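Contents: one structure, followed by commentary.
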Amino acid sequence: MAPSVLLLGLVLSSASALPPRISFLIDSIDRPLVHFSLPDVQNTNMLLLSDGVSTLYVGAQDTILSLDISQSDVIRLKKQVSWRPTAEEISKCGMKGKNSQVDCPNFVHVVQPINSTHLYACGSYAFSPHYAFIDVESFTLVDQGAAKGHCPFSPYERSSAITIDEELYTATTSNFLGNQPQISRYFSRGRRPDVSLDSPISLLSEPTFVSSSFDPEQQKIYFFFNEVGKEFRFTNELRTARVAQVCKDDVGGVRILQKKWTSFAKATLNCQKPKHPPFNVLQDMFTLQPPEGSESSETVFYGIFTSQWSTQTASAVCTFRLKDIRSVFSGAYKNINTLQLVTHPYLGKCGLANSSDSNLAEVRKNFLTSRSVNPVGQVVVSSEQKYSRVVVMRTQAANSQHYNVLFLLTETGFLHKMVLLDQGPWIIEEIQVFTQPQVVRSMVLSASKGVLYVGTSAGVTAVSVARCSTYQSCGQCLLARDPLCGWSRTTKVCTSPDAHHQDLVQNLESRSVEEDCQEENKPTEVTEVGVHLNEAVKLPCVKSSNRASLTWTFSQSRSLPENLFIHSADGSLRFLASSRTSGTYSCEAEEDGFREVVVSYNVRLFPNPRHLPRTEVSQSPEESFEDIETQEPTRSSDFIQELETKTIINRKQDSRSENTEVPGDHMTAEDLSTKNKSNKEGYEFSEHAGFIAKSYHSELVVVSFLLAACLCVLVLGFLHTWRQKKTDSRSVLLEASEFYSKTNASTEICSLSSPENAGPDQTVTQ
Ligand SMILES: *[C@@H]1O[C@H](CO)[C@@H](O)[C@H](O)[C@H]1NC(C)=O
Ligand SMILES: *[C@@H]1O[C@H](CO)[C@@H](O)[C@H](O)[C@H]1NC(C)=O
Ligand SMILES: *[C@@H]1O[C@H](CO)[C@@H](O)[C@H](O)[C@H]1NC(C)=O
């Protein structure tokens with residue numbers, strides 16, 4: 001027990017991967033997603049891309065779908081085939097103690113191409129696994145039957161299956177309880193028998209199968225999984241990540257090991273970083289095929305690992321080379337019982353069909369390699385994220401260097417796009433793909449389309465691998481360090497390198513962005529803001545990156561005195577309009593030593609709002625909020641949009657009861673500034689602001705009065721409550737202070753301004 005206690009004592013150090021540079025919440029207009037779901041179809045989480053990349057097959061609950069993905073902005077249902085267990089099967093499943101509604105539908109575990117015309121599918125089928133062949137053309141089930149050993153009985157268990165040359169290789173449990181693991185070949189061609197493990201319980205120990213891969217050069221199939229590491233004597237609880245091999249040509253032995261694998265062997269996968277407990281639980285493994293024209297030994301595997309001991313959400317990404325896996329399997333073995341080293345020329349080899357009984361007896365006893373497979377390159381550790389799935393894309397950057405871009409799905413529904421640069425892992429962006437916890441079985445990438453598909457329990461979501469147009473300046477484009485995006489000096493846009501731009505600038509490894517973007521900076525436009533004396537002004541400034549820091553500068557003074565200005569957490573600057581606060585404001589972002597003006601405002605006081613043309617007032621409120629609703633969304637404008645929505649809501653209330661509104665509150669400068677960001681002249685703008693001021697000026701006085709009255713009542717009420725309930729005073733104080741500190745004054749004032757709500761009790765309980 002001592003060593004495991006020792007391991008527990010190790011403490012995870014802080015994150016090695018920096019936080020994502022940019023975050024996009026679900027369905028942000030800057031990073032749109034394409035969703036597909038059907039109201040009566042659940043668990044659409046087993047995905048298969050067709051070779052032609054225009055079709056996505058989806059194994060779901062009681063059905064298999066064929067989706068048209070030929071267009072990038074929409075996913076359409078092409079065909080659907082229902083595949084439900086019979087009523088009899090469902091009632092049998094219920095009698096075995098399963099919930100017939102929840103556990104007994106047919107959860108499709110496997111969808112694989114079996115030949116040029118058919119798909120193979122395997123489903124849990126009311127805890128009685130069945131397979132089916134699907135004619136791709138007509139999309140109908142042509143043949144089905146019991147498939148014990150093809151896929152798990154349980155809908156919740158993981159398994160792995162791969163079809164090669166019309167044969168099926170599976171790694172799954174093969175009984176109702178899910179405690180009988182098996183690795184097998186089915187639909188064996190020619191006169192070859194179907195083959196399975198000799199004594200699965202001794203060869204595998206409580207395995208969880210994760211994925212599989214084929215090595216065409218050595219004609220071997222690899223299965224990646226976790227199991228209890230039996231070779232560790234001090235505990236029987238230590239889980240170990242493994243890779244197992246079987247040979248495609250294996251037909252079993254002649255006298256012993258008949259119809260059993262003679263080529264089965266397994267090796268440990270190490271994923272560890274100094275000073276960290278080992279990341280010993282494999283979550284997912286992605287096979288990155290070698291670039292075209294390269295040897296298949298150049299294949300690499302990307303694995304996501306978590307730690308058995310860590311209670312924190314932490315995970316690691318380790319990279320393994322096929323070269324190293326091959327070398328470990330062709331090296332020495334150790335006997336799992338005696339732990340003695342065994343070197344025998346037959347161990348781990350293919351083509352042992354005609355071997356002698358004594359050779360096969362050795363093979364049967366020694367199946368664990370003595371060496372482990374060690375990762376290459378950087379071991380990426382994230383102590384904040386628990387990654388669950390990984391997909392990797394090979395790409396060529398503008399400098400013709402190759403980079404691998406990793407897409408890592410967190411359990412909480414964020415997709416992290418990461419590139420491994422010389423100076424370490426770099427998370428270019430994070431994109432939220434779902435909000436509720438979801439079962440994700442597969443995530444597939446169409447590299448040619450540049451789209452990633454995530455299958456969840458609720459539907460299929462398509463995410464484009466990059467959206468360079470989000471980066472609107474040379475600085476932003478280069479700071480992103482995205483191998484999939486570069487700045488074009490001729491067209492002055494951020495675009496993908498495959499668009500044959502010879503003049504594309506990228507800055508993946510740390511060069512100075514300043515140098516590359518010197519001549520590229522556009523002069524910043526100044527937004528004119530007209531305000532009234534003592535009006536609360538809020539100048540928004542949205543950070544273009546999580547790593548940027550913002551600073552405000554003001555033409556009237558070097559520093560912004562704290563008694564006049566409030567810096568909000570959202571980056572905006574707030575102050576009361578006066579002669580001391582009018583002038584030019586600039587919000588500047590600094591990131592990695594690169595400075596860029598985000599936005600500039602020229603704040604001017606209106607001389608006399610009362611003399612503005614009356615005609616403007618005739619505009620009905622309905623018309624004006626229609627205006628706002630139909631306007632073009634501006635960039636990085638989630639925040640601004642929120643403000644706009646608020647404005648619309650307030651205006652709608654306004655049209656119902658004109659008196660309850662406070663001017664300048666619901667229509668402050670920023671609302672107007674977003675209405676026309678590119679307005680350089682400010683004339684039209686200030687006129688508009690004048691109209692607002694005109695129609696509400698008298699109300700300002702009334703409501704200010706009301707507000708003051710409310711405050712008095714509030715204070716009196718507070719004193720009253722304090723005296724009455726001394727014991728409650730603490731919570732009231734807290735709530736009252738919370739009330740005062742609320743930044744969104746509009747909702748507060750709405751409730752205060754309606755007389756029946758003006759009492760202190762109402763305010764405090766709000
Ligand atoms: C593909 O497999 C299915 C199911 O076994 C079979 O019916 C069909 O004839 C096969 N097609 C070809 C072209 O081999
Ligand atoms: C095994 O031996 C038989 C008979 O000698 C031969 O026909 C067959 O090809 C051999 N198989 C292999 C895999 O070497
Ligand atoms: C914004 O201002 C520009 C230039 O002043 C003008 O062409 C455009 O029509 C305006 N847009 C709106 C929505 O008012």
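Every number for a ligand or one of its atoms is a count from 1 in the order of the listing. From a predicted model like this one, the values you see are computed outputs, not experimental measurements.
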Centres of the Y222 and F320 rings: under 6.0 Å?
-> no
Is D143 in contact with ligand 1, taking contact as a heavy-atom separation below 4.0 Å?
-> no
Atom 9 (O) of ligand 1 touched by protein (heavy atom, under 4.0 Å) = no
Would you confirm whether the ring centroid of Y186 sits within less than 6.0 angstrom of the ring centroid of Y131?
-> no
May I ask you to check if ligand 1 and T117 share an N or O to N or O distance below 3.5 Å?
-> yes
Salt bridge D165-K248, side-chain N to carboxylate O under 4.0 Å | yes
Which protein heavy atom lies closest to atom 12 (C) of ligand 1, and at what distance to 0.1 Å?
-> N115 ND2, 3.3 Å
Nearest-0.5 Å distance, OG of residue S464 to NZ of residue K449 | 12.0 Å
